[in-house]
*Asks:* 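My questions will all concern the structure given below.
Only this structure's heavy atoms are used, side chains among them; waters, hydrogens and symmetry mates stay out. It should be emphasised that the depicted structure is a prediction, and the values quoted were computed from it without experimental measurement.
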Number of protein chains: 2
Amino acid sequence: MATRTDAPTRREQILKEAARLFADRGFHGVGVDEIGAAVGISGPGLYRHFPGKDAMLAELLVGISGRLLTGAKRRVAEADGVAAGEVLDSLIEGHIDFALDDRPLITLHDRELDRLRDSDRKLVRQLQRQYVELWVQVVREVYPELGEAAARSAVHSVFGLLNSTPYLGRGGTLPGRGVTAELLHRMARGAFAAAGAAQG
Amino acid sequence: MATRTDAPTRREQILKEAARLFADRGFHGVGVDEIGAAVGISGPGLYRHFPGKDAMLAELLVGISGRLLTGAKRRVAEADGVAAGEVLDSLIEGHIDFALDDRPLITLHDRELDRLRDSDRKLVRQLQRQYVELWVQVVREVYPELGEAAARSAVHSVFGLLNSTPYLGRGGTLPGRGVTAELLHRMARGAFAAAGAAQG
DNA sequence: CAGGCAGGTTAGCGGTCGTTAACCTGAAGG
DNA sequence: CCTTCAGGTTAACGACCGCTAACCTGCCTG
């Protein structure tokens, strides 16, 4: 877990600002001049760093999906022999960290996927699918009475719950990161438990 | 509850197709020619029914927010004297019906709000806020140990859970409407219960 | 039957947007 | 000191898009 201390490159600045703008106003709603202005250069200067506007979105979405999947794989691998319930807690924790720290990316991730070139979209979809399958396996270990279809639905719904972070602090500050994370974690576990509890 | 049997007007056709297209590719990603083609007329013919593209989005969003709020108010009013838990169940059921029957609208509802004119956006926000407050009141009756901020966060998160329906049937059919509705309902109640159970 | 109007059509204007072209500049390196 | 090149700049092009103008055509009504 090497935390970076060096300054972000221009390329990283651009990606960060583009993510924020895309999340705020949609991919088609943001012009390249605007993205350039957000990092202090103007319009076409961006083309020294990216081949086009599409490429920025692609790199953002592939990056998100990849990091989510990589982190989840690591968490599952690290927990060899520990109870399945703890692995699920770890997955939930990782997703919450991501949802709280990178809210614009969470927004983009399920909103602008269709704006990608075919090849990029397929790649992102594949990464997302692997991520979901990882969750489904762990969830079914914890709640064996859940069928596969029900487990997959439950996982998608919990993603919806966890990804609600962009709406939480809208008209005031959220009560503090730790408290919010804990609340989301409890609710996710509660939702899974309720899914596995009954005639599903 | 008068169910309509007469044919939809041209205006209604347009709104329905526009909703689907906007949800699929985003407001800015759909041209008026495309919307026209979807209902069998072409491009500028739409201007006989709407003053502009913005007006279609506005009518869709105001309509959604209004119907959600009206339905919720009715459900709360009808349940005079019954247990708060049952009122919450009724609210959840209503929201699920909506999320399952009008998936494109659910998608639009929290995605394209910022594309509206100021006055329309304020109206929609106000309707949404009233809807949330209604839920918060009922939730706090059922789980009195929840603070107001926590209850509001919980409500938003459960909305995220229930609004995940667009992702459920993506690569196959969902297991049947009734089963899905029941699963979502259980998970929502489980999430609320978990939110109210602990040191929140 | 005359007239009006609802509801279409096509042509085209004006603005915006992504992208390219051509040019500039300051710092690094032999 | 000259060259190179990374990383900018402004101007402008071509495509697209929302919208308007001008025109057409059936149906309803007095």
Side-chain angles (χ1 to χ4, degrees), chain A residues 6-62 104 108 111-121, chain B residues 6-62 104 108 111-121:
Chain A
D6 51 336
T9 71
R10 174 57 38 106
R11 210 161 180 287
E12 290 167 330
Q13 285 181 47
I14 295 172
L15 283 176
K16 185 182 162 194
E17 294 303 312
R20 186 179 53 79
L21 289 168
F22 289 160
D24 274 2
R25 295 210 290 289
F27 179 68
H28 290 297
V30 181
V32 289
D33 290 356
E34 226 168 335
I35 303 173
V39 297
I41 72 181
S42 224
L46 296 171
Y47 287 76
R48 300 286 165 193
H49 304 275
F50 295 91
K53 194 184 163 197
D54 301 348
M56 302 179 205
L57 182 64
E59 184 157 333
L60 283 171
L61 294 188
V62 172
L108 280 186
R111 189 167 297 197
E112 307 283 358
L113 181 58
D114 300 318
R115 261 55 100 199
L116 257 48
R117 285 178 22 239
D118 274 21
S119 60
D120 290 325
R121 189 171 55 246
Chain B
D6 51 334
T9 71
R10 174 55 41 102
R11 212 162 178 287
E12 291 167 329
Q13 284 180 47
I14 294 171
L15 283 175
K16 185 182 161 192
E17 295 302 312
R20 188 178 52 80
L21 288 167
F22 288 161
D24 274 2
R25 296 210 290 290
F27 179 69
H28 290 298
V30 180
V32 289
D33 291 355
E34 226 168 335
I35 303 173
V39 296
I41 72 182
S42 224
L46 295 170
Y47 288 77
R48 300 287 163 191
H49 304 274
F50 295 91
K53 192 185 164 196
D54 302 348
M56 303 179 204
L57 182 64
E59 185 158 332
L60 284 171
L61 293 188
V62 173
L108 279 185
R111 189 167 299 196
E112 308 283 357
L113 180 59
D114 300 318
R115 261 54 100 197
L116 255 48
R117 283 177 25 237
D118 274 22
S119 60
D120 291 323
R121 187 170 57 247

*Asks:* Whether the side chain of A/Glu17 engages the backbone of A/Val39 through a donor-acceptor N/O pair (distance < 3.5 Å, no angle test) should be reported.
*Replies:* no
*Asks:* Just how far, in rounded Å, is P of C/dT19 from CG of A/Leu46?
*Replies:* 10 Å
*Asks:* Within a strict 4.5 Å, meaning less than it, do heavy atoms of the A/Arg10 and A/Ile41 side chains meet?
*Replies:* yes
*Asks:* Minimum heavy-atom separation for B/Asp24 to A/Asp114, with atom names?
*Replies:* O-OD2, 3.4 Å
*Asks:* For the residue pair A/Leu46 and A/Ile14, establish whether any side-chain heavy-atom pair is separated by less than 4.5 Å.
*Replies:*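 The answer is yes; the side chains approach within 4.5 Å.
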*Asks:* Between C/dT10, D/dT10, C/dG18, which nucleotide gets closest to the side-chain atoms of B/Pro44?
*Replies:* C/dT10
*Asks:* Five pairs at each end of the helix from C/dC1-D/dG30 to C/dG30-D/dC1: take the axis at both ends and give me the angle between them to 10°.
*Replies:*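 For the helix from C/dC1-D/dG30 to C/dG30-D/dC1, the axes at either end differ by 0°.
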*Asks:* Taking CE from A/Met56 and C1' from C/dT19, how many angstroms apart are they, rounded to a whole number?
*Replies:*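 So the CE-C1' distance, A/Met56 to C/dT19, works out to 11 Å.
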*Asks:* Please report the C-alpha distance between B/Asp120 and B/Leu61 in whole Å, then the side-chain angles of each, then the deciding distance to 0.1 Å, and finally whether the side chain to side chain contact (heavy atoms under 4.5 Å, CB included) criterion is met.
*Replies:* CA-CA 9 Å; B/Asp120 291 323; B/Leu61 293 188; over 6 Å; no
*Asks:* Measure from CG on A/Asp33 to P on C/dT19 and round the result to the nearest Å.
*Replies:*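 It is 12 Å, rounded to the nearest whole Å.
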*Asks:* Find the distance B/Asp54:CG to D/dC17:P and express it as a whole number of Å.
*Replies:* 16 Å
*Asks:* For the pair made of CD1 in B/Ile35 and C1' in D/dC17, what is the distance, rounded to whole Å?
*Replies:*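 Going from B/Ile35 (CD1) to D/dC17 (C1'), I get 12 Å.
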*Asks:* How long is the line joining CZ of B/Phe50 and P of D/dG18, in whole Å?
*Replies:*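 Spelled out: CZ on B/Phe50 to P on D/dG18 is 15 Å.
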*Asks:* Does a donor on one side chain and an acceptor on the other come within less than 3.5 Å for A/Arg117 and A/Ser119?
*Replies:*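 Looking only at side-chain atoms, A/Ser119 and A/Arg117 do form a donor-acceptor pair, the distance falling under 3.5 Å.
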*Asks:* For the residue pair B/Pro44 and B/Asp33, what are the closest heavy atoms and their distance?
*Replies:* CD-OD1, 4.4 Å
*Asks:* Are A/Arg111 and A/Phe27 side-chain neighbours, meaning at least one heavy-atom pair lies under 4.5 Å?
*Replies:* no
*Asks:* What's B/Val39 touching, base or sugar-phosphate or nothing? Going by heavy atoms closer than 4.0 Å.
*Replies:* nothing
*Asks:* Between P on C/dT10 and OH on B/Tyr47, what's the gap in Å once rounded to a whole number?
*Replies:*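 After rounding, the reported distance stands at 16 Å.
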*Asks:* Whole-Å distance between D/dG18 P and B/Arg115 CZ?
*Replies:*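 The distance from CZ of B/Arg115 to P of D/dG18 comes to 14 Å, rounded to the nearest Å.
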*Asks:* May I ask you to say what A/Gly43 touches in the nucleic acid, namely base, sugar-phosphate or nothing, with a heavy-atom cut-off under 4.0 Å?
*Replies:* nothing
*Asks:* Restricting to nitrogen or oxygen on both sides, can you table the protein-nucleotides 4-8 of chain C pairs closer than 3.5 Å?
*Replies:*
unit_1, atom_1, unit_2, atom_2, d
C/dG8, OP1, B/Arg10, NH1, 2.8
C/dG8, OP2, B/His49, NE2, 2.8
C/dG8, N7, B/Arg48, NE, 3.0
C/dG8, O6, B/Arg48, NH2, 2.3

*Asks:* Please determine if B/Lys53 forms a cation-pi arrangement with B/Phe22, meaning its NZ or CZ atom is less than 6.0 Å from the six-membered ring centre and no more than 45° off the ring axis.
*Replies:*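 Relative to the ring axis of B/Phe22, which defines the angle, B/Lys53 lies outside at least one limit.
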